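Scroll down for the structure; my scribbles are underneath it.
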Amino acid sequence: MLEKKLLTKRVGIVNPLSIDDYIKQDGYKQFKKALKMERISIIEEVEKSKLRGRAGAGFPAAIKMMAFAKEEAEHKYMICNADEGEPGNFKDRYLMENDPHSVLEGMLITAYATRATKAYIYIRGEYNKALSIMKWAVDEAKEKGFIGKNILGSDYDFDMEVRSGAGAYVVGEEFALIESIEGKSGRTRVKPPFPTEKGLFGYPTLINNVETFCNYPVIIEIGGKAFAKIGTASSTGTKLISLSGNVNQKGVYEIPFGVTIREVIETLGKGVPENRKIKMIQLGGACGPIIPEYMLDMKIDFDRFEDFESKTGAGAIIVMDERVDVFEVLHRIVNFFGHESCGRCTPCREGHPQLEILVKRFLNHEATSKDLLSLESLARVMHQTSLCGLGQSSPISIISTLGYFRDEYHDRIEFVGKV
Amino acid sequence: MNMINIKINNNDYQVKPGLTILEAAQEHGIKIPTLCHYPDLKINSDCRICSIEVKGKKNLLTACSTPVVEGMEIKTHSTKVLNARKTITELILTNHETNCTQCARNMNCELQSLSNQLGIDENRFEYRLVSQPKDTFNPSITRNPDLCIKCGRCIDVCKDVQDLTVLENFGRSHEVLVVPKYGKYLSDEDCTLCGQCSSVCPVAAITENDETEKVWTALNDESKHVIVQVAPSVRVSMGEEFGAEAGQAWTGQIVTALRYLGFDQVFDTDFTADLTILEEGNELLHRVHNGGTLPMMTSCCPGWVNFMEIEYPEMLDHLSTSKSPQQMFGAIAKTYYAQLKGLDPKDIYVVSVMPCTAKKYEAKREEMQSNEGIFDVDVVLTARELGKMVRQMGIDFLTLEEQEFDNPFGITTGAAAIFGATGGVMEAALRTVYEVVNEKPLEDLNFKSVRGMEGIKEAEVELKGLGKVKVAVAHTLKNARKVVEQMKAGESPYAFIEIMACPGGCIGGGGQPYNTTNAKREKRIEATYNVDEAMILRKSHENPYVHKLYEDFLVKPLGEKSHQYLHTHYKARN
Ligand SMILES: Cc1cc2nc3c(=O)[nH]c(=O)nc-3n(C[C@H](O)[C@H](O)[C@H](O)COP(=O)(O)O)c2cc1C
Ligand code: SF4
Ligand code: SF4
Ligand code: SF4
Ligand code: SF4
């Protein structure tokens, strides 16, 4: 069995619109267990689990949780980041639509452990179905006393609210998201201070991805130590993979870290239609690296991803077969991020139109060798100097293809009469 | 204090904790270039020009926003860093209408010097500017969006210093523009024309309306008698326009320069500042004794008056009806002075040199015509525009000999000299009101509690028949709003309030030399009080020429002529 269903074990079995059904299947049991634990020992279990954030950057979850838990303030906010706007990713939607209460249960465990006072679930505007399911679930959980005052007879109060996203992709970035909830235009802020110190409305704020939260019931159930045994040394637990592109069975699959990309594509995705050859895949999502077929035996692991200067291991695998033109893909990616840029910092705001111009020259076989140098330099500078993850990671597709598919760039350069 | 050990460019340094890399480097003489960063404004780190390398970090970090930590190893000018800065600057220039030889900021532009410093001699990227309409529809400032580099300084100064949200980032991605909210033009918006945005803009995207050409034309017109008045606050900043350190007075050099430029008479706005004190002081007493609207608020700052007309039209009664010194000067020049010289008012051309862009608007108010159809003040130049004219004339300003103002509007007092600093109008008024009411000399002329950069200041004076009277002073419109809100809530304990729209008062005005910072404002304030100390006369009511003006022409403060020429009214806007 390649798959390991820890987070998705109830998917397809539980009725997402029935809290009773969820409870019948041992739902909220781990939250009840957590309520009886010392707060600090919950965080210790998370620390032992070595869980890393599932939004992509892979930041150790316990460090963020601890920093937030330490803050003393009248309001302490939590945000569940369900903005999932990056093309190629759809695993958060999968979790919310199929097992909404597991998201809530994970949030409740975190909230209790850190004494959060209120949480916002910020869901991408286009996710209508997920939005209504989550709202329904929150209402049900309130009725059953899982959310509200004196939760389950304890002295702990906690509120939750579902928010519909503002549309722009960049709003998924934590500070842009905070600004958006505050009713502002959704641009990022300068760090430090980090959200755990000064976030939503100036109060300490803990932001995690949907999938990250879903791990907490598992950690409470099996214990941090056992959790850490799943996966690889640097990446513990399982990962939800959004598999798409030229594969027979697109979808979301939960695998333990350490499985190879090829296994995911061939065994779970059932290979490429008409047995065409794979040319390349994009990892993580539209802002991840594009790697060639011969690297498919690479294990899925945060640290391996970082070797590609890629911070984004949100868990997408986009398969592209031999018919795909690298430059068409790059052009689409550059346009997407150029359009989604908030326009705040220079490299990203002014860099994207130039990337677009340069990539188009390659697409149209009109490039010069000077264009190659300019493109390479620009992509690196944008990557190194942009203010937020969008501008930093958008050029990664270019940087990686400049490495792995450099010949294709050379093939597009007209040498005659041009320098 | 425990110092922090860091390495910059392989050299060891000990620095104070809590500093940013930019500050730490600066303290040790290492200059990291910046563009969006401006002292006293919040750190945005948008432009990314101050990117530096820190050992162990894959990406570059911005020096302006990154605090130093123990053991940090920083490279400020590595190849990687320089390449990044160069690339970013090239990118900025793809979206900037570079035309330095035909630009107001030529040789005084932060983008130009940056480009020069980085040695940019070509641009690898494509020019892609989409031209936007210029905003030339108000009398004070011009916006040219094609030059805007989206540094955000203007937005921040307007919002964080003035508590107004006139300008905003509009749109997103590469289409972002910095434009007046809702409307396309400043005149559609609640802009007070204070010009603070123009003084922090690193390029020529927001500038004062350049009116130097008009002045040259007048100076060359034989039929015109061209006179000039110089605002109190300009004398303590003018040298900076030519590279001098802040903190000195340049009064004599300004007079000389103006004579070289060809003005027929060079007068001092300080004279009408003394006149303002007599009118406004008496107005205050009149209000106190006759149940007039209190607190009375000063009205010599046109940015502030605009603010009231736009934001608090229901409270206009609180504003003193006395005109500002600039407008009193214009009115006197085209009435009394015209008579004195036997000139037709239409042949007198009045130029003001002001620290302020809003003064340009003030001069163009319909009410400001003592003779129908003739504005009292013809042209207002900012300190920067005077600097430009002096340079055009090839004058070496800093080495000029010092000359004296012409009479009859050249003898002034220390009270007038301090008009340019926050608290100065109040102090000048108190010196006069105290002596007039109490009929005895003031022991200590220095009302130190109303001096300095603190946002809202208070003082108390004992006045015969009135007891202890409380007054307040506020500068910046953010603080002004607080004071007005307090009044609106009926909780204002004050009889008299001085407001100046710009930080530090006019010495920090929107038309002052570029690179004005709060540190420089403090120095200009210091220079201002030094001027006051050095004066023989330090109270407005002791100015002998003001007395003569009343004897010869005005008769008495608040008299009929005063009402005709020296007082005005306000109207609600929007
Ligand atoms: C441009 C941009 C978009 C992002 N979009 C998302 C998103 O849709 N969902 C998400 O969970 N995190 C997103 N992130 C990451 C968040 O900023 C934040 O790091 C994350 O929510 C932390 O979650 P984790 O610690 O659980 O991984 C985005 C970051 C950037 C720079
Ligand atoms: S990198 Fe792009 S999206 Fe992020 S702050 Fe800069 S302009 Fe905005
Ligand atoms: S704003 Fe500066 S860089 Fe731009 S044209 Fe003017 S002087 Fe040159
Ligand atoms: S002139 Fe003053 S009020 Fe108007 S936009 Fe500039 S800073 Fe704001
Ligand atoms: S107008 Fe000037 S200050 Fe404002 S954003 Fe543009 S360049 Fe910066």
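The chains referred to below are lettered A, B, ... by the order of the sequence lines, with proteins before strands, and numbering in each begins at 1. The model shown is predicted, which means the values in this text are computed figures rather than measured ones.
For Thr87(B), the part lying under 4.5 angstrom from a heavy atom of chain A is the side chain only. For Ile357(A), the part lying near chain B is the side chain, with the backbone staying farther off; criterion is any non-hydrogen pair under 4.5 Å. When heavy atoms are compared at a cutoff of 4.5 Å, Ser185(A) does not approach chain B at all. At a 4.5 Å heavy-atom cutoff, the contact between Ser51(B) and chain A is made by side-chain atoms alone. For Ile49(B), no part lies under 4.5 angstrom from a heavy atom of chain A. With a 4.5 Å cut-off on non-hydrogen atoms, Arg187(A) touches chain B through its side chain but not through its backbone.
Side-chain contact between Arg344(A) and Arg172(B) is absent, with no heavy-atom pair separated by less than 4.5 Å. Residues Leu387(A) and Asp46(B) have side chains in contact (heavy-atom distance under 4.5 Å, counting atoms from C-beta outward). Using a 4.5 Å heavy-atom cutoff, the side chains of His352(A) and His174(B) are not in contact. Annotation: side chain of Cys342(A) is not in contact with side chain of Ser173(B) (no heavy-atom distance under 4.5 Å).
Each of Ile43(B), Asn44(B), Leu35(B), Ile149(B) has some count of heavy-atom pairs under 4.5 Å with chain A, and the biggest count is that of Asn44(B). If you tally non-hydrogen atom pairs under 4.5 Å between each of Lys80(B), Glu90(B), Glu126(B) and chain A, the highest count goes to Glu126(B). Residue with the most contacts toward chain A among Leu61(B), Thr66(B), Thr62(B), Asn95(B): Asn95(B) (heavy-atom pairs, distance under 4.5 Å).
For Asn59(B) and Gln384(A), the side-chain atoms include no donor-acceptor pair closer than 3.5 Å.
Taking every heavy atom of both residues into account, Arg124(B) and Ser377(A) meet most closely at NH1-OG, 2.9 Å. Summarising the geometry of Pro192(A) relative to Ser65(B), their closest heavy-atom pair is CD-O, 4.1 Å, with the distance given to 0.1 Å. Shortest non-hydrogen contact noted between Val176(B) and Gly343(A) is CG2-CA, 3.8 Å. In terms of heavy-atom proximity, Thr385(A) sits nearest to Arg48(B) at O-NE, 2.6 Å.
Atom CZ of Arg349(A) and atom SG of Cys47(B) lie 9.5 Å apart (nearest 0.5 Å). Ile92(B) contributes atom CD1, which lies 4.5 Å from atom OG1 of Thr346(A) (distance to the nearest 0.5 angstrom). The distance from the NE2 atom of His96(B) to the CD atom of Glu350(A) is 11.5 Å, given to the nearest 0.5 Å.
Phe170(B) CZ: 12 or fewer foreign heavy atoms inside a 6.0 Å radius. Within 6.0 Å of NE2 in His339(A) there are 12 or fewer heavy atoms belonging to other residues, nucleotides or ligands. The environment of Lys191(A) atom NZ is dense: over 12 non-hydrogen atoms of other residues, nucleotides or ligands sit within 6.0 angstrom.
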request  = Please lay out, stage by stage, how Glu168(B) and Lys184(A) fare under the test salt bridge (charged side-chain N to carboxylate O under 4.0 Å, His left out).
outcome  = CA-CA 12 Å; Glu168(B) 67 166 4; Lys184(A) 298 177 190 153; over 6 Å; no

